[in-house]
Each structure stands twice: as C-alpha cells, then as structure tokens.
Chemist: 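Structure incoming, see below.
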Amino acid sequence: MARQTSGVTLQQLYYFIEVAAEGSITAAAEILFVAQPTMSAAMKDLETRVGRSLLLRSARGVSLTTDGVEFLGYARQVVEQVALLEQRYLGRPPLRRLLGVSTQHYSFAVDAFVRMVRGTEASEYEFSLRETRTWDIIEDVRTLRSELGILYRNDFNRNVIDKLLRDSGLIFRPLFLAEPHIFISRKNPLAKKDRATLADLANLPRLTFDQGNNNSFYFAEEILSTLSSKREIRVSDRATIFNLMIGLNGYTISTGIISDDLDPEIVAVPLNVDEEIEIGWIGHSAIPLTEQGQRYLSEVRAVVADFGVELVG
C-alpha cells in the first residue's frame with residue numbers, strides 16, 4: 001500500500017505557478033482547463049500544507065505575500081528539475097521555457113536577450129524583457145514578475161540602492177565596471193573626439209530616462225545626475241532617446257557598450273570624469289536562478305566580453 005503523505009504535490013506547484021503568473025485564480029483555472037472551485041480549493045489546501053499564507057486575495061485577483069514570493073522561487077526550481085528528469089529518462093520534449101528580465105535601458109541587455117532566445121532548445125517558450133525604471137526593476141524582481149534585473153551602482157547611489165535591495169530581500173551581484181561614455185549621433189561633432197569633457201556638453205541637450213514618481217537623483221540611470229544642465233529632456237524609452245540624439249544632437253551618459261547591429265547611428269565617446277559605473281544583476285538572496293536565468297547571464301557576459309570589457313568575478 002502506498003504511504004500517505006501530507007506534503008505538497010507537484011500538481012499544486014504547477015497550479016500555484018500559473019496563479020502567480022496570471023494574478024488570478026480564475027484565469028489560471030481557464031488556462032489549465034480546471035474548474036475554478038477546484039483551483040481555489042487546491043490553493044487553500046497548499047497554504048494549509050505549508051502552514052503559511054501565500055496569496056493575498058481581493059476583488060481584483062490575487063497577489064503574492066512575502067512568503068508566497070519565496071515559495072514561488074522554490075516551486076519553479078522543483079518544476080524545472082522534474083522537467084529535466086522527464087526529458088532525460090522518459091523522452092519527454094523540453095519544458096516550455098520561461099524567463100522574465102527587467103533592465104535599465106542598455107543595448108547589451110537586449111543583445112544578450114536576442115542571443116538567448118536564438119539559442120533556446122525549447123519548441124515553446126514565454127520570455128519577457130522589460131526596459132523600465134530603476135524602482136520598477138527592483139519591484140519586478142521583488143515580486144518575481146521578473147526573475148532578475150540589470151541595473152547600475154556607483155559611489156553616489158550605492159547606499160540608497162543597497163538599502164532598498166536589502167529591504168526587498170534582494171542582492172546585487174556585480175558583472176563589470178565600465179568607464180563612463182557619452183552616447184551621441186555619428187553626425188555630432190563630438191563623435192570625432194577621442195574623449196569628451198563636461199565643458200563640451202555644456203550647450204548640448206542632456207537626455208535622461210524619466211523615473212516617474214520615483215524621480216530621485218539616486219534612481220537616475222545616468223551618473224552625474226545632480227549636475228545642473230541648461231537643456232534637459234526626459235524620455236521614457238530607448239528608441240526616443242536615440243531619435244533625439246540624432247535630431248537634436250543630444251547626449252546621454254552610459255557604459256560605452258553599444259551594439260552596431262541594434263543602434264547603427266549612435267556612437268560612444270569616453271567622458272573625461274573621475275567616475276566608474278558598476279553594472280550588475282539583482283535577484284532574490286535566498287532563491288537560486290533557474291537554468292534559463294543562468295543562460296541569460298552567460299549571454300550578457302559574452303556580449304560584454306566581446307567589447308573587451310573585463311568581467312567581475
């Protein structure tokens with residue numbers, strides 16, 4: 001006779017992952033072709049078995065509690081390992097690949113994402129890439145909307161960013177150090193210079209990414225955010241900022257890593273300032289990355305290495 005167990009079932013993990021992804025028990029039930037009462041009962045039974053509240057229920061749907069966020073990370077790990085076992089020993093097709101990445105506006109992050117998607121072995125996948133605001137990146141990873149985030153630190157914002165990450169149960173892991181560069185149009189006169197100075201930029205429009213309600217200097221994507229500028233334009237996406245570089249001879253300050261394939265009209269010129277940009281990825285301190293998350297970071301490192309930038313660690 002099979003031994004009775006009060007443990008969590010694999011089916012409950014599948015259900016829970018889908019509920020978390022949809023933010024709705026009803027929507028998850030429809031996707032999995034399960035009756036809504038059955039799905040609801042399965043979630044309540046799961047919470048009873050683990051002895052913790054995993055979901056916050058409201059008229060608008062469900063969201064994860066702090067325990068639910070941590071549980072989701074482990075549930076994904078278990079499901080992924082089961083799929084690898086079935087693929088190897090039962091001849092099952094590869095698992096439908098899932099990964100969410102949130103990032104500041106870096107072309108190398110997009111380039112790496114393209115490489116990852118092209119190299120995936122799965123016949124089915126669901127990936128997301130969000131170029132978004134600094135605060136939203138941290139919130140996306142905290143709530144596991146994204147598995148990992150890409151952002152920068154320097155001496156100015158380090159204490160604020162690190163405290164916010166600690167309070168969110170997240171950790172920053174460095175990828176590389178970059179010398180500050182200005183991104184400008186190839187037609188900009190500064191494009192011919194070996195190095196640019198702050199004086200060179202005095203009369204050019206400074207282009208920065210808008211940070212919305214959290215538009216603090218500490219959350220700016222660009223270093224030297226506290227320096228005054230006579231001409232300032234805030235934008236919300238990378239395509240717009242590149243168009244303004246070309247149309248208005250504007251500039252922004254970033255890492256110097258830019259893909260000719262993705263951004264052929266933009267060049268990077270070193271900026272003569274005593275600063276460094278530390279790029280890294282953030283994730284949950286207690287939750288290991290999935291295999292797909294590790295693959296993405298491998299592609300990020302490969303893209304960066306192609307530019308001759310030395311990796312950290």
Side-chain angles (χ1 to χ4, degrees), residues 21 73 76-77 79-81 83-84 87-88 93-134 136-138 140-141 144-153 171-179 181 183 186 209 221 237-242 245 252 254-268 277-284 287-313:
R76 286 173 171 170
Q77 292 288 323
V79 167
E80 184 177 68
Q81 290 302 312
L84 290 174
Q87 179 184 340
R88 179 175 179 84
L95 177 69
R96 186 171 188 248
R97 294 296 181 185
L98 301 172
L99 179 67
V101 175
S102 293
T103 177
Q104 291 175 332
H105 299 79
Y106 298 127
S107 64
F108 69 81
V110 178
D111 202 357
F113 194 86
V114 170
R115 292 190 186 191
M116 180 202 70
V117 174
R118 287 176 175 171
T120 187
E121 299 174 355
S123 58
E124 297 183 11
Y125 55 76
E126 182 179 333
F127 300 139
S128 67
L129 177 64
R130 278 171 43 84
E131 285 191 331
T132 189
R133 299 163 176 167
T134 303
D136 292 337
I137 293 169
I138 295 172
D140 283 352
V141 179
L144 284 178
R145 178 179 185 179
S146 291
E147 184 175 337
L148 61 93
I150 305 288
L151 49 76
Y152 98 94
R153 296 187 309 190
I171 188 169
F172 181 99
R173 295 176 174 87
L175 287 167
F176 63 93
L177 294 175
E179 176 187 8
H181 287 63
F183 285 175
R186 290 184 183 276
F209 286 106
E221 292 190 35
D237 65 86
R238 202 152 48 89
T240 300
I241 210 170
F242 288 158
M245 288 177 197
T252 194
S254 192
T255 63
I257 301 175
I258 190 166
S259 171
D260 288 337
D261 292 336
L262 295 177
D263 312 302
E265 300 302 320
I266 306 301
V267 296
I277 300 172
E278 183 183 31
I279 302 292
W281 66 276
I282 63 171
H284 278 264
I287 302 176
L289 285 181
T290 62
E291 180 183 354
Q292 198 65 39
Q294 295 173 28
R295 287 184 182 180
Y296 174 70
L297 287 180
S298 294
E299 295 294 357
V300 170
R301 295 186 179 98
V303 168
V304 172
D306 287 347
F307 282 86
V309 176
E310 186 174 353
L311 298 169
V312 177

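Treat the numbers as computed from the prediction; the structure is a model and nothing was measured.
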Chemist: Roughly how far, to the nearest 0.5 Å, is CD1 of Ile258 from CD of Glu265?
Modeler: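 Taking CD in Glu265 and CD1 in Ile258, the distance rounds to 10.5 Å.
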Chemist: Do you know which two heavy atoms are closest between Leu151 and Gln104, and how far apart they sit?
Modeler: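 Nearest heavy atoms, Leu151 then Gln104: CA-OE1, 3.3 Å.
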Chemist: Quick one: do Val300 and Asp111 satisfy side chain to side chain contact (heavy atoms under 4.5 Å, CB included)? Show the steps, please.
Modeler: CA-CA 8 Å; Val300 170; Asp111 202 357; over 6 Å; no
Chemist: Using side chain to side chain contact (heavy atoms under 4.5 Å, CB included), reason through Arg301 and Leu175 one step at a time and then give a plain yes or no.
Modeler: CA-CA 7 Å; Arg301 295 186 179 98; Leu175 287 167; 3.9 Å; yes
Chemist: Quick check against the 3.5 Å criterion: does Thr290 have a side-chain atom that pairs as donor or acceptor with the backbone of Gly293?
Modeler: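 Yes: the side chain of Thr290 pairs with the backbone of Gly293.
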Chemist: Checking Gln77 side chain against Pro288 main chain: does a donor-acceptor pair fall under 3.5 Å?
Modeler: yes
Chemist: Measuring from Leu129:CG to Ser102:OG, what's the distance to the nearest 0.5 Å?
Modeler: 8.0 Å
Chemist: How far apart are the C-alpha atoms of Phe127 and Gln292, what are their side-chain angles, what is the distance that settles it, and do they pass the side chain to side chain contact (heavy atoms under 4.5 Å, CB included) test?
Modeler: CA-CA 10 Å; Phe127 300 139; Gln292 198 65 39; 3.8 Å; yes
Chemist: Checking the side chain of Tyr296 only, and the main-chain atoms of Ala109 only, is there a donor and an acceptor separated by less than 3.5 Å?
Modeler: yes
Chemist: The test is salt bridge (Lys or Arg N to Asp or Glu O under 4.0 Å); show your working for Asp136 and Arg145 and say whether it passes.
Modeler: CA-CA 10 Å; Asp136 292 337; Arg145 178 179 185 179; over 6 Å; no
Chemist: Test Phe176 against Phe108 for ring pair (Phe, Tyr, Trp, His ring centres under 6.0 Å), laying out the working first.
Modeler: CA-CA 12 Å; Phe176 63 93; Phe108 69 81; 5.5 Å; yes
Chemist: Looking only at atom types and distance, does a side-chain atom of Thr255 sit under 3.5 Å from a main-chain N or O of Ile257, one as donor and one as acceptor?
Modeler: yes
Chemist: Between Glu291 and Arg295, does at least one N-O distance fall below 4.0 Å, as a salt bridge requires?
Modeler: yes
Chemist: Within this structure, what is the CD1-CZ distance for the pair Ile277 and Arg153, rounded to the nearest 0.5 Å?
Modeler: 13.5 Å
Chemist: Sub-3.5 Å donor-acceptor pair from the side chain of Glu147 to the main-chain atoms of Val101, do we have one?
Modeler: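 Here the side-chain-to-backbone pair does not exist.
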Chemist: For the CD1 atom of Ile241 and the CZ atom of Phe209, what is their distance to the nearest 0.5 Å?
Modeler: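 Spacing of CD1 (Ile241) from CZ (Phe209) equals 3.5 Å.
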Chemist: Provide the closest heavy-atom pair for Phe183 versus Ser254 in the form atom of the first, atom of the second, distance.
Modeler: CE1-CB, 3.7 Å
Chemist: To the nearest 0.5 Å, what is the distance between CD1 on Ile279 and CZ on Phe172?
Modeler: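 Rounded to the nearest 0.5 Å, the CD1-CZ separation comes out at 7.0 Å.
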Chemist: Regarding Thr134 and Glu221, do their side chains bring together a donor and an acceptor under 3.5 Å, going by distance alone?
Modeler: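 The answer is no; no qualifying pair exists.
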